Amino acid sequence: VNLDTAFRLSSILLALTGFVGLVLTGELPAGLLLAGAAALAAGLAQALGYGSGLVLFRLSQQTWTGLMLAAFLFMFADLFWISGDLLPAGIHFLVALMVQKLFTLRERKDFLHLYAISLMELLGAAALTLELWYAAVFAAYLLTAIWTLLLYHLRSEAEEAADTGHFAGQSGQPGTITSRFFWSTNGIAIGAFGLTLMIFIVTPRIGAGFFEKNRGELIRVSGFSEKVDLGMVGSVKLDNTVVMRVEFPDHKGPLIERAYFRGASYDVYDGRSWSNTLRDRQVLARSPEGEFVVARDRLPESSAGLRQEILVEALDTPVLFGVPFVESVKGAFSVVQIDGMGDVSLPYVPATRFQYSVRSIPARFISGARRTTRTGEQESVRQQFLQLPDIGPRVAGLARQIVQPASSPYEMAAAVERHLKENYRYSLDVGTTPTGNPVEEFLFVRKTGYCDHYATAMVVLLRTLGLPSRLATGFAQGEWNEVGNYYTVRQRDAHAWVEVYFQNSGWVTFDPTPNVPLALPHPLVVRIGKILDSIRLKWDRFVIRYSFRDQVAMAQGVRQQSEVVRTRAAAGFSALLRWGAELRTHVARLGRSYGGWLVAGAALICALAGLGLALRFHRGAWWIPRGAGGPTTQQMAALKIYSRMLQFLRSRGLQKASGTTPLEFAGRIAREWSAASRFVTPITELYCRVRFGQVPLSPDDLTRAQRLLTDLQAMPR
Amino acid sequence: MLERLREWFRWFYRYRSIRLTSEGTRYVLLTLAVGVAAINTGNNLLYLLLAMLLSLIVMSGLLSEQSLKQLEFRRRMPNRVFANQPAMVSLSIANRKARVPTFSLRVQDVVDGAAVERGIHLLHAPPRSVTVQSYPLLVARRGLHRIEGIKLLTRFPFGLFLKAATLPVASEAVVYPEIKPLPMALVHDLTSRGHDQTVSQRGPGVALYNLRRYQAGDDSRAIHWKTTARQRRLMVRETEAEDQRRVVLVLPTAVPGHSTPVFEQAVSLTASLAAFFHRQGHAIRLLVGDQEIPSGTGEAHYDAVLRALALCRPVATGSPVPATLLALAGQAAPGELMLVVMSWADPAVLSACGATARVIMAADYMRQS
């Protein structure tokens, strides 16, 4: 590719990369998107030499100035009335500038302006997104920027040399992009990328955040407000949007038991909707380690609990999710609240992706209480969690029928759970407006439903039996990602289940909803999806969420590692010294005997022989530096071929005298063995080029020389 | 310790320096703006962009250093350099790197501690290649001209910084005095005088001068066969030099007070006369102050004459007249033209050789030329 073409092409590609970054944020209106795309296409066509067809777009400078002035004024209208925000308005104006520049690229400063605009576009995209695609756009931008700046510089230098009439040098400018230039430039880009990562890691994070503003749409989740209608989960059961990713740092594989990420719970059911009447919130105390502790007395000192690292997307809820039951929360927030139901939440909707750590003690039923017939719950719990709506007697009858053989509360709860799982069919195809009582409809008429119906029915059945219970909402464990060792939780994993109170065990989780296998796409698609999601999590963890805390942790890690290395090195060195001392003692002891001298002499001879052999196998003398002055591998091969040719000719009685030059010897061969001359002469010429001309050889040259030697060796004399 | 450190910095700064270009200044300002935005928002993507911009600065430093490494320079000065006349200097630039090319290299000479632009702009030097560049050297003053080193400048790779390195590649040249065309009247005068004082001498020519016995080393084409046959021994023929004349150029160096420009004119006129007589094939003898270049011909002798003129220095008046000048009177050999070029009417010199020599006042003739 011609250098000038490459320069123009890379400039357009740089603008394109910045523009793609903006487009992917989804903030560009269709009109600007089309205008930008058209301008880039025109610029691309021009760079490739098809510019003659674009005469139509050539406007006068005055026209462009007028248009830009109008665009500038429009930006204010955009700022105050259309977008209502500086960033989108500025981005819209930026695209207009880019379009103008693409149509008026002539002088060097125009190209510089275009580069500045593309960088601004990338900055704008950075302010508008946190998504993984930005990594790809960034990498492409870095590569293109290296190419563009390098070509811009070379072109400017050539122009300056021409303008000033300077001697441009015998070698002149590399007129085309050679393969060496191509790979060198890409190498520079890779180096710059590595350096970028290093600088990114070590740059101190001292974010002040004076004017920080969150952007982007929040993910709407249902089932976590103070009052939720029955059937709310069904609406999101087909939504694949990721809502959070959960890592269990102490587990290398998936959990054995099904994990639930509890968000909210409800005590009162009015026949159509659930509500939380214990919504008075208290602020949690913060421990010196920065943990918000829910109930310190419940967490045994020796137990670390089940640790979870949760990365939540920008949801429209302040609820903090965690495996029931949450004992402590740690994250970059100043206040965490808890309500009467034990639901943990923030005082505000964070409206951004954020990460936090949770420690939980999974609810377990204490087996000693399994057989007890005494319910004995505290009166307050009984009053709060035995509330029932107006239901018919059939429900109570069914409940008694289900638990007929059971004698203890736990067995009763388990029987109800089992009954619902085995006798009802899971289906999302349920009418949204039930005519009668939804629970009765589910239990006696339709007998199909989804988690809301199952859980509500179980709570109602248990409450008719006098067992305190409540509805809990959140997400079921989601999909295990074995690539990244975490769970990906999506909207479709939204779930409702039941918590039953037992006197000695507290709240225990029951899930009456049968497990329904999802229809998954092709395994390869799933696998690729998991890999991508894992990369996305790492991107989020190590780039988007990279913080000062990580830097401190990394510095501590490096310090610990250096301590380890230092200790090992010291141990190795002292071992070496000890070994040396022992050897010296041993040699001294040997020296006292006659045979010792023989042994020492033999060792010396062996050492010298080893050194000689090493030098023999070494291609050159070790004291001669390799590299700049030394022959290349191919040149060495050419020298070997010539040497073998001489050896062969000697075997045929034609020995080269030491005073004869290679060309003289070739002349002698031509006289004395003319048939061999057509092989000897080209090999000699090649040898002379290598030996005296230091000319680099191509692989073709070598192949030809090898063939000539083979043919020569096949000749009779 | 502090002094040594300062000394090291001074040394380093002398051999390596870096400064921002106009594009670089804008780039750095943009980087600062992105840095402020990153700190303000705490947005890691902005930190990533900031890291990218900083990495390009670092890469710029590394690549420009790489570009300046392992370069070898050899300067070849011209044989003769005259003041105010361009002479071509050739500079060979060898890139000794095995794989890395060098781009965008400007080469300047360092003279008297200052860089002098020579217009050498090497856009591309492939690895293991040698490039020869020539440039005109124009020196205004006669004397010893010393080029102390070479200053390399590069804006590679991104044009953000101008990196300079100084290498000690020294060269010297003796700059001969400026040769100016002589006024026609003087040329005519000198030509006619010269013819009057011609004496016959052996030398290249056509007319027979002498016949003598053959000696080893004689040109065999000069053997005179008829005489050889007659005398039965090898005889060679010698020819008479067609235009063999001799001239003595005298340049007194005693100059009053502030007459240095006049002295320079006298030096230039003497050199111009030497050039004139050299072209005419005269044997030239030069007396400059107390220095004497004996009579001779040929390019080497001509160079010796010019060199003496290039390096001569004026001395204050009142200094004793050199013995060589005093001895001039009555010393002129037959056919020898004696010219005394004077920057001022020095009575001591005039009394010493005014009678036998032709006196030329430099100021009069340099005005005419």
Side-chain angles (χ1 to χ4, degrees), chain A residues 112 116 119 122-123 125-127 129-130 134 138 141-142 145-146 149-150 152-154 156-158 160-161 164-174 180-181 184 188 191-200 203 205-212 543-547 627-629 694 696, chain B residues 23 26 30 33-35 37-56 58-60 62-63 70 93 95-101 103-106 117-135 154-160:
Chain A
L112 282 181
L119 183 64
L122 203 65
L123 278 169
T129 189
L130 300 173
Y134 190 86
F138 176 79
Y141 189 86
L142 181 56
I146 295 282
L149 290 177
L150 202 58
Y152 172 84
H153 166 72
L154 292 178
S156 304
E157 290 278 316
E160 270 181 36
T164 51
H166 281 178
F167 303 94
Q170 216 170 39
S171 307
Q173 190 179 8
R180 184 191 283 271
F181 186 88
S184 303
I188 292 171
F193 192 77
L195 204 57
T196 300
L197 293 185
M198 278 172 59
I199 296 173
F200 175 78
T203 308
R205 294 301 187 273
I206 45 172
F210 294 125
F211 303 104
E212 191 174 9
V543 178
I544 303 292
R545 304 285 143 215
Y546 184 69
S547 65
Q694 295 288 317
Chain B
E23 282 99 347
R26 277 178 257 170
L30 192 66
V34 174
I39 290 169
N40 177 38
T41 59
N43 184 337
N44 268 333
L45 294 186
L46 293 186
Y47 274 106
L48 196 62
L49 275 175
L50 175 68
M52 180 188 82
L53 295 171
L54 291 174
S55 79
L56 290 193
V58 177
M59 287 302 282
S60 202
L62 295 176
L63 291 174
Q70 294 184 44
I93 304 165
N95 180 6
R96 296 288 177 216
K97 292 189 282 287
R99 295 180 188 283
V100 183
F103 290 100
S104 313
L105 194 68
R106 286 158 195 251
E117 180 62 65
R118 301 295 191 201
I120 298 177
H121 196 157
L122 191 70
L123 294 175
H124 178 217
R128 291 185 176 177
S129 70
V130 179
T131 307
V132 180
Q133 304 259 311
S134 298
Y135 62 89
T154 186
R155 287 189 291 191
F156 185 75
F158 307 130
L160 304 177

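Since we're looking at a predicted model, the values are computed, not measured. Each chain gets a letter, A, B and so on, in the order the sequences are listed, and its residues count up from 1.
Looking at A/Leu150, both its backbone and its side chain come within 4.5 Å of chain B, counting heavy atoms on both sides. No part of B/Ile93 comes within reach of chain A, as not one of its non-hydrogen atoms sits under 4.5 angstrom from that chain. Only the side chain of B/Leu56 comes within contact range of chain A, with at least one heavy atom under 4.5 Å from a heavy atom of that chain. For B/Arg99, the parts lying under 4.5 angstrom from a heavy atom of chain A are both the backbone and the side chain. Proximity to chain B is limited to the side chain of A/Tyr152, based on heavy atoms less than 4.5 angstrom apart. If you measure heavy-atom distances from A/Arg545 to chain B, the contacts under 4.5 Å come from the backbone alone. Contacts between B/Leu54 and chain A at a heavy-atom distance below 4.5 Å involve backbone atoms as well as side-chain atoms. When heavy atoms are compared at a cutoff of 4.5 Å, A/Ser184 does not approach chain B at all. For B/Leu160, no part sits under 4.5 Å from any heavy atom of chain A, backbone or side chain.
Interface summary for chain A: among B/Leu49, B/Leu53, B/Leu46, the most heavy-atom pairs under 4.5 angstrom belong to B/Leu49.
The distance from the CE atom of B/Met59 to the CZ atom of B/Phe158 is 6.5 Å, given to the nearest 0.5 Å.
In terms of heavy-atom proximity, B/Pro101 sits nearest to B/His124 at CB-NE2, 3.9 Å.
Using the six-membered ring where Trp is involved, A/Phe193 and A/Phe138 have ring planes that are tilted, between 30° and 60° apart.
Side-chain contact between A/Val543 and B/Tyr47: absent, with no pair of heavy atoms (C-beta onward) separated by less than 4.5 Å.
Panel note: side chain B/Thr41, backbone B/Ala37; a donor-acceptor pair is recorded below 3.5 Å. Listed for the B/Asn95 side chain is a donor-acceptor partner under 3.5 Å among the backbone atoms of B/Val100.
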Problem set entry | Worked verdict on B/Met52 versus A/Tyr141 for side chain to side chain contact (heavy atoms under 4.5 Å, CB included) | CA-CA 10 Å; B/Met52 180 188 82; A/Tyr141 189 86; 3.8 Å; yes
